[in-house]
Amino acid sequence: MKDIDIVIIGGGPAGLAASIAAKDEGIENILILEREAQLGGILNQCIHNGFGLHTFKEELTGPEYASRFIDKVNDHKIPYLLNTTVLEITKDKIITAVNEDGIIELRAKAIILAMGCRERPRGAINIPGSRCAGILTAGAAQKFVNIEGYMPGKEVVILGSGDIGLIMARRMTFEGANVKAVVELLPYSSGLKRNVVQCLDDYNIPLKLSHTIINIKGKDRLEGVVISKVDENKQPIKGTEELISCDTLLLSVGLVPENELSKNAEVNLSPVTGGAIVNESLETNIEGVFACGNVLHVHDLVDNVSLESSNAGRCAASYVKDDKRSGEYIKVSGAQGVRYTVPSLINSSKVNNSTTIRFRVGEVFKENYVSLYFDHTRVMLVKKKILSPGEMEEIKVTKVLLNKYSNCKEITIKIEKE
Ligand SMILES: Cc1cc2nc3c(=O)[nH]c(=O)nc-3n(C[C@H](O)[C@H](O)[C@H](O)COP(=O)(O)OP(=O)(O)OC[C@H]3O[C@@H](n4cnc5c(N)ncnc54)[C@H](O)[C@@H]3O)c2cc1C
């Protein structure tokens, strides 16, 4: 068994940023474990541009953005093991991993969970109809097209207007496919506004809002899908059925944080995000186990992943340097339209100048206010032209405010008309 100060599970943008920040804080004994053959995570297959606008003020492709961090990891001489899959972590911070050399056992002072997320497959949404070839997740199609060089089909329908679905609509069009429609159950797209414009509108790809697929046609290979309008309860409306012939159906119906390892280690998970419940230091209920990036909550912008994960790296470094958990926690939650907040707990003694609360709303709000309450006192009111579930929001809570309301037991974020 080898002793390591900080073990980072996952070498995507979250793990890379966390490792660099921990090293900058003076921790030498760090190890990144990555199951793929290269660092960079999901960014390796995202060859479109649009990454890093906030961090580098440039429009980079996914691999370019990743390589900036990989270069830094190499410059910092941070060790990593590739082709190494973590099989188990325990609450005593023992890590078991496997690679071609066999089983590896490590004892960590701190662990940073940075395993990313995976796509919800078709089974998770129960579409009736045949189980023919030609149905795959949008992310799997992205890997086929961008990395393996295969085209999964020519006549395409996409179910779900999340970012991966939108980006794949444009990508398949570039590669010569006819993308017939993007079908979305909700009355709004669940992806970023800019992706709706740049990936659908610019290519005249129809976005069928408040629609779903009610049947799948085809025996060996997909031949078509039957779509239908849905009512306000998301139930198909009789008489609105329409057959769209296609040979490929791409599913972009949500992402799920990859938390099997965390569950086995008894990390408490949020039923809303599927990620760990964390405090201001991004530390889970298990002392010394931190989480960041898509394994914590699904992000739309990698810049936020990098910011959040640098913070996790710094906090894990302070923990290793003996800054253990102590003091009282203020509960943080969302209400009136706010689905969740990260973090769920704040210990004001651990906040230096300010702490960031990230959150998502559950529906579209126009010309509304984001308000911040310390117990029953409203302390902040920010007007927003539009708030949408596809865009993550954030609010900064300053140390000054925390000191002013030092007896506060609960912080709540709400959406209000005024
Ligand atoms: C299709 C798509 C398009 C996107 N477009 C944009 C965009 O235009 N602009 C933008 O800013 N953002 C975009 N994003 C978002 C951004 O890419 C992600 O938010 C970011 O990659 C998440 O980083 P992560 O490190 O948390 O997860 P990941 O990148 O998924 O990395 C997680 C890593 O953990 C590894 N891992 C998992 N489990 C284990 C294990 N048990 N053992 C060892 N290793 C493990 C995985 O192999 C992986 O390398 C896009 C995302 C996708 C999927």
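Keep in mind that the numbers below use all heavy atoms, side chains included, and drop hydrogens, waters and symmetry copies. Whatever order the structure lists ligands and atoms in, that order sets their numbers, starting from 1.
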Residues [X] and [Y] bridged, charged N to O under 4.0 Å:
X	Y	result
Lys331	Glu410	yes
Glu64	Arg68	no
Glu25	Arg314	no

Is any side-chain heavy atom of [Y] closer than 4.5 Å to one of [X]?
X	Y	answer
Ile227	Thr212	no
Met172	Glu175	no
Ile286	Ile111	no
Asn83	Glu100	no
Val145	Gln45	no
Asp201	Val196	yes
Lys350	Glu283	no
Val7	Lys93	no

Any N or O of [X] closer than 3.5 Å to N or O of ligand 1:
X	value
Ala14	yes
Gly15	no
Glu258	no
Gly293	no
Asn49	no
Val305	no
Pro13	yes

Checking a contact table here: which protein heavy atom is nearest [atom], and how many Å away?
atom	result
atom 26 (O) of ligand 1	Asn294 N, 2.8 Å
atom 17 (O) of ligand 1	Leu43 CD2, 3.2 Å
atom 33 (C) of ligand 1	Glu34 OE1, 3.6 Å
atom 37 (C) of ligand 1	Met115 O, 3.3 Å
atom 2 (C) of ligand 1	Cys46 SG, 3.6 Å
atom 8 (O) of ligand 1	His48 NE2, 3.3 Å
atom 11 (O) of ligand 1	Val302 N, 2.8 Å
atom 29 (O) of ligand 1	Ile42 N, 2.9 Å

Ligand 1 contact by [X], heavy-atom criterion under 4.0 angstrom:
X	value
Arg194	yes
Ala114	yes
Gln45	no
Thr84	yes
Asp300	yes

Out of all atoms in ligand 1, which are within 4.0 Å of some heavy atom of [X]? Include the element for each.
X	result
Gly12	25 (O), 31 (O), 33 (C)
Ile167	3 (C), 5 (N)
Gly116	26 (O), 27 (O), 30 (O), 32 (C)
Gly41	29 (O), 31 (O), 48 (C), 49 (O)
Glu36	47 (O)
Thr85	42 (N)

Do Thr248 and Arg221 have a side chain donor and acceptor closer than 3.5 Å?
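Thr248 vs Arg221: donor-acceptor pair found between side chains.
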Under 3.5 Å side-chain donor-acceptor pair for His48 and Gln198
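There is no such pair (donor and acceptor under 3.5 Å, judged by atom type) between the side chains of His48 and Gln198.
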Decide whether a cation-pi geometry holds between Lys384 and Phe365; the criteria are a distance under 6.0 Å from NZ or CZ to the six-membered ring centre and an angle within 45° of the ring axis.
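No, cation not above the ring by the 6.0 Å, 45° rule.
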Heavy atom under 4.0 Å from ligand 1: found in [X]'s side chain, backbone, both, or neither?
X	value
Ala138	neither
Leu33	backbone
Gln142	side chain
Leu261	side chain

Residues two or more places apart in sequence or in another chain: which of them pass side-chain hydrogen bond (donor to acceptor under 3.5 Å, both in side chains) with Ser306?
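For Ser306 the side-chain hydrogen bond (donor to acceptor under 3.5 Å, both in side chains) partners, ignoring immediate neighbours, are Tyr65.
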For the pair Asp75 and Lys23, evaluate salt bridge (charged side-chain N to carboxylate O under 4.0 Å, His left out) and give the outcome as yes or no after the intermediate values.
CA-CA 11 Å; Asp75 289 348; Lys23 179 88 187 216; over 6 Å; no
Test side-chain hydrogen bond (donor to acceptor under 3.5 Å, both in side chains) on Thr240 and Ser228; report intermediate values, then the result.
CA-CA 5 Å; Thr240 63; Ser228 163; 3.1 Å; yes
